[in-house]
Amino acid sequence: MDLPETPWIHTLRFVLEVAATVAFALSGMIAAARQRMDAVGVCVVAFVAAFGGGTLRDLLLDQRPFFWVRHTGYVWGILALCVGTMLFMRQRHFQPTERAMLLPDAIGLGLFAAIGVDAAMALGMPPLIAVMMGLITGVFGGVLRDVLCNKVPQAFSDHRPYALCAFAGGWVDVALRQFQAPEWAALLACVLVTAGLRGLALWRNWQLPAWRV
């Protein structure tokens, strides 16, 4: 039997989604700026990074309209962020900002993974599909960002665990729900496990085995 939602669970979902969207939009802007794209290119890459994973999730779950269409404030917010960044960020800022973005990117991965699992579970999807939706939501915005920047996606070539972190965090979320844990606890656990594992992978320089030639 499903537990009743706490009154502030919708606020928690909203906060998680906004934080993740901003984190990935910033990563898209940095990637586009490093490729010396013009203003339109920067905005497009930022939008794809921020909305790509969630849009693919909504397509696979047959959800209309897409989440960013339902909440147009996200679109205006990302546009304002792009304009502000292009006005004030210069070439000398790219490298330190890129290092500084490793932590927000890990947090964004956890946030989007939790949102994806939550969206799928709300529709009654099987646990495996819910975990896959979390992984897709967390990973594929960055994949599309790198493709637009003409790079092999970092999630596939970095060798430090990325998608696996979202996969593990998703299973923690699903397991807690199966044990009738509060929904907010499952969401936060997914964020903490996913972001924590990614942070550990960066700190300890964990490496996945590469294909041997």
Side-chain angles (χ1 to χ4, degrees), residues 1-25 27 49-71 73-74 102-143 155 160-204 206:
M1 184 175 68
D2 293 335
L3 293 175
E5 289 189 346
T6 56
W8 49 271
I9 191 67
H10 297 294
T11 302
L12 177 61
R13 288 191 184 111
F14 175 74
V15 170
L16 293 178
E17 198 160 54
V18 169
T21 300
V22 170
F24 274 92
S27 75
F51 301 140
T55 301
L56 180 56
R57 175 202 67 217
D58 286 350
L59 276 170
L60 293 172
L61 294 177
D62 196 25
Q63 294 296 290
R64 301 291 192 282
F66 300 139
F67 77 100
W68 52 271
V69 178
R70 296 195 302 270
H71 306 288
Y74 290 163
L102 289 176
L103 181 58
D105 183 72
I107 295 172
L109 175 66
L111 293 168
F112 266 145
I115 292 164
V117 173
D118 184 65
M121 293 297 286
L123 294 172
M125 294 291 129
L128 177 60
I129 301 304
V131 172
M132 293 301 296
M133 290 302 107
L135 188 153
I136 287 169
T137 308
V139 171
F140 272 84
V143 170
R160 291 176 293 188
Y162 192 78
L164 283 178
C165 300
F167 192 70
W171 279 113
V172 170
D173 187 321
V174 168
L176 287 174
R177 291 171 190 262
Q178 294 298 316
F179 285 103
Q180 302 298 313
E183 193 168 358
W184 64 266
L187 280 168
L188 292 180
C190 182
V191 175
L192 292 174
V193 170
T194 302
L197 287 175
R198 177 59 178 169
L200 280 172
L202 293 171
W203 177 44
R204 304 293 296 176
W206 291 343

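Everything numeric here is computed off the predicted structure, so don't read it as measured data.
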Rounded to the nearest 0.5 Å, how far does CG of Leu197 lie from CG of Leu192? 10.5 Å

Classify the ring geometry of Tyr74 against His71: parallel below 30°, tilted from 30° to 60°, perpendicular beyond 60°. tilted

To the nearest 0.5 Å, what is the distance between CD1 on Ile115 and CZ on Phe67? 8.0 Å

Looking only at heavy atoms, which two atoms of Gly170 and Val117 are closest? And how far apart? CA-CG2, 3.9 Å

Can you tell me how far apart CZ (Phe24) and CD1 (Ile107) are? Round to the nearest 0.5 Å. 11.0 Å

Check Gly138 against Leu109 and note the closest heavy-atom contact, atom names and distance. O-CD1, 3.5 Å

Look up atom CZ in Phe66 and atom CG in Leu56, then write down how far apart they are to the nearest 0.5 Å. 9.5 Å

Flag the pair Leu128 / Met133 as yes when at least one side-chain heavy-atom distance between them is below 4.5 Å, and no otherwise. no

Go through the steps for Leu123 and Gln63 under the test side-chain contact (heavy atoms from CB on, under 4.5 Å), then give the verdict. CA-CA 10 Å; Leu123 294 172; Gln63 294 296 290; 3.4 Å; yes

Can you see which heavy atom on Val191 is nearest to which on Gly110, and at what distance? CG2-O, 3.6 Å

For a quick test of reading the model, state the closest non-hydrogen atom pair linking Met121 to Ala130 and the distance between them. SD-CB, 3.5 Å

On the 0 to 90° scale, with breaks at 30° and 60°, tag the Trp68-Phe51 ring pair as parallel, tilted or perpendicular. parallel

Look only at the side chain of Arg198 and the backbone of Pro161, and say whether a donor-acceptor pair between them is shorter than 3.5 Å. yes

Closest heavy-atom contact between Ala189 and Leu176? CB-CD1, 3.4 Å

Greater than 12 external heavy atoms within 6.0 Å of Arg64's CZ: yes

Tell me whether the NZ or CZ atom of Arg57 lies within the 45° cone about the ring axis of Phe140 and under 6.0 Å from its centre. no

Hey, does Glu183 have a side-chain heavy atom less than 4.5 Å from the side chain of Asp118? yes

Minimum-distance pair of heavy atoms, taken over all atoms of Gly108 and Ala20: O-CB, 4.0 Å

Are Phe167 and Thr194 close enough that some pair of their side-chain heavy atoms sits under 4.5 Å apart? no

How many angstroms lie between atom CZ of Arg70 and atom CG of Asp58, to the nearest 0.5 angstrom? 6.0 Å

Hey, what do you get for CZ (Arg177) to SG (Cys190), rounding to the nearest 0.5 Å? 8.5 Å

